[in-house]
Amino acid sequence: SAVISQKPSRDICQRGTSLTIQCQVDSQVTMMFWYRQQPGQSLTLIATANQGSEATYESGFVIDKFPISRPNLTFSTLTVSNMSPEDSSIYLCSVAGTRGQYFGPGTRLTVL
Amino acid sequence: KQEVTQIPAALSVPEGENLVLNCSFTDSAIYNLQWFRQDPGKGLTSLLLIQSSQREQTSGRLNASLDKSSGRSTLYIAASQPGDSATYLCAGVSRGGSEKLVFGKGTKLTVNP
């Protein structure tokens, strides 16, 4: 199984600012995923990030709001731009492995 | 569009009880199904994966089954313990999909000592 780390683990941010979340995997993977979990809700896929190509965004999510980088096969970043209180969520990255998907510990974001 | 429903939303049981958590899909064309556990404020821990050629998987006190014809899955927990208290999420990958997981809202389980 893959071991995934995320930074930061949590943050409190002001409205209108941006936060970049990092995701590091201990092995090379083709596809990485970014999910959002709003308070009291389940996980929703934001985008799929493949190394060497543009991320693929799900309906309701746009690149200007959630730009993603995937510079190599073990690392990705998600930026939450121009934040509002509605962006307060847990953001999780995941990778697909031979035994399903593995998730990072998440980044808990609070926007004031 | 695939939607996932988990019943019940919350469950409280005494220690030692056997219990069943339910998950259903609007589109029964499920390729893989995965059950996760989420502790408060934490990420997801994968519990069981049922792949396309399988109908059930077992790990310790946990058993998960998938009935593709009806689009339903169950997670059976035997001899529950207080340490099992968590939110349990099921998620499916639709056949022909891109590994995208569609999640239910989860069942919050409390096992009382």
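So you know, we letter chains A, B, ... as the sequences are listed, proteins then strands, and number each from 1.
Between the NZ atom in B/K100 and the OH atom in A/Y35 there is a gap of 8.5 Å [rounded to 0.5 Å]. For the atom pair CZ (B/F36) and OG (A/S42), the distance works out to 10.0 Å, reported to the nearest 0.5 Å. Here CD of B/Q57 is found 8.0 Å from CZ of A/R99. Values are rounded to the nearest 0.5 Å.
Contact annotation for B/Q6: neither backbone nor side-chain heavy atoms come within less than 4.5 Å of a heavy atom of chain A. Interface remark: A/L45 contributes side-chain atoms only to the contact with chain B (heavy atom separation under 4.5 Å). Looking at A/Q6, neither its backbone nor its side chain comes within 4.5 Å of chain B, counting heavy atoms on both sides. Residue contact with chain A, scored on non-hydrogen atoms closer than 4.5 Å, involves the backbone and the side chain of B/L44 alike. Using a 4.5 Å cut-off between heavy atoms, A/T98 contacts chain B through its backbone alone, with no side-chain atom that close.
A/Q41 contributes no side-chain N or O that, together with a main-chain N or O of B/K105, makes up a donor-acceptor pair within less than 3.5 Å.
A 4.5 Å side-chain heavy-atom check between A/F103 and B/T45 finds every atom pair outside the cut-off.
By the 6.0 Å contact criterion, NZ on A/K65 is enclosed, its count of non-hydrogen atoms from other residues, nucleotides or ligands being greater than 12. Other residues, nucleotides and ligands contribute over 12 non-hydrogen atoms within 6.0 Å of the CZ atom of B/R61. A 6.0 Å sphere centred on CD of B/Q54 holds more than 12 heavy atoms belonging to other residues, nucleotides or ligands.
Residues A/I21 and A/Y102 do not share a hydrophobic cluster, defined by chaining ILVMFWY side chains whose heavy atoms lie under 4.5 Å apart. Hydrophobic clustering, with ILVMFWY side chains joined whenever heavy atoms are under 4.5 angstrom apart, groups B/L47 together with B/V102. Following chains of ILVMFWY side-chain contacts shorter than 4.5 Å, one can reach A/Y91 starting from A/Y57, so the two form part of one hydrophobic cluster. Residues A/F66 and A/M32 do not share a hydrophobic cluster, clusters being chains of Ile/Leu/Val/Met/Phe/Trp/Tyr side chains in contact below 4.5 Å. In the hydrophobic clustering of ILVMFWY residues, with side-chain heavy atoms under 4.5 Å counting as a link, A/M83 and A/L92 come out apart.
Scanning all heavy atoms of the two residues, the minimum distance from A/Q101 to B/S46 falls at O-CB, 4.1 Å. Minimum heavy-atom separation, A/Q37 to B/Q38: OE1-NE2, 2.8 Å. Between A/G100 and B/L49, the closest heavy-atom pair is N-CD2, 3.3 Å.
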